[in-house]
Amino acid sequence: MNTPSPFAGVRYLVDDVQEAIDFYTGHLGFTLRSHPAPAFADVTRGPLRLLLSGPASSGARVTPGGLGAGGNRIHPIGTGANTWSLSCS
């Protein structure tokens, strides 16, 4: 059985990942969790996890069916064989 994530995740498409990191950590009290530069960063504050997706990230790519960048993706968190992913159209 998977342990539930303590976070509610929200993806934000940003033009500049480093600028977004500086803003959220410097002004709003978020903590940098990961930063696979330059495409993506993951910041948290309390139970909120922001996925900051820059232009080079997979989250900024157009999804099948013409939904546009980041359109209606579900990002479940889990481990093991029961982990899945889904893009809605």
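Atom set for the values below is all heavy atoms of this structure, side chains included, hydrogens, waters and symmetry mates excluded. Throughout, residue positions are numbered sequentially from 1 according to the sequence presented.
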Task: Smallest separation among heavy atoms of A39 and S57, with atom names - done: O-CB, 3.3 Å
Are the side chains of [Y] and [X] in contact, using a 4.5 Å heavy-atom criterion?
| X | Y | value |
| --- | --- | --- |
| V17 | E19 | no |
| L50 | D42 | no |
| L52 | F40 | no |

Open item on the list: Would you say T44 and R33 are linked by a side-chain donor-acceptor pair, where the criterion is simply a distance under 3.5 Å?
Closed with: no
Open item on the list: Quick check on Q18: does its CD atom have over 12 non-hydrogen neighbours (other residues, nucleotides or ligands) under 6.0 Å away?
Closed with: yes
Open item on the list: Quick check on the hydrophobic clustering: are L51 and L48 connected, directly or via other members, by side-chain heavy-atom contacts under 4.5 Å?
Closed with: no
Task: In one Ile/Leu/Val/Met/Phe/Trp/Tyr side-chain cluster, 4.5 Å: F30, L32 - done: yes
- [ ] Hey, could you give me the OH/OG1 distance between Y24 and T31, rounded to the nearest 0.5 Å?
- [x] 14.5 Å
Open item on the list: So does S53 get a backbone contact from the side chain of R11, meaning a donor-acceptor N/O pair under 3.5 Å?
Closed with: no
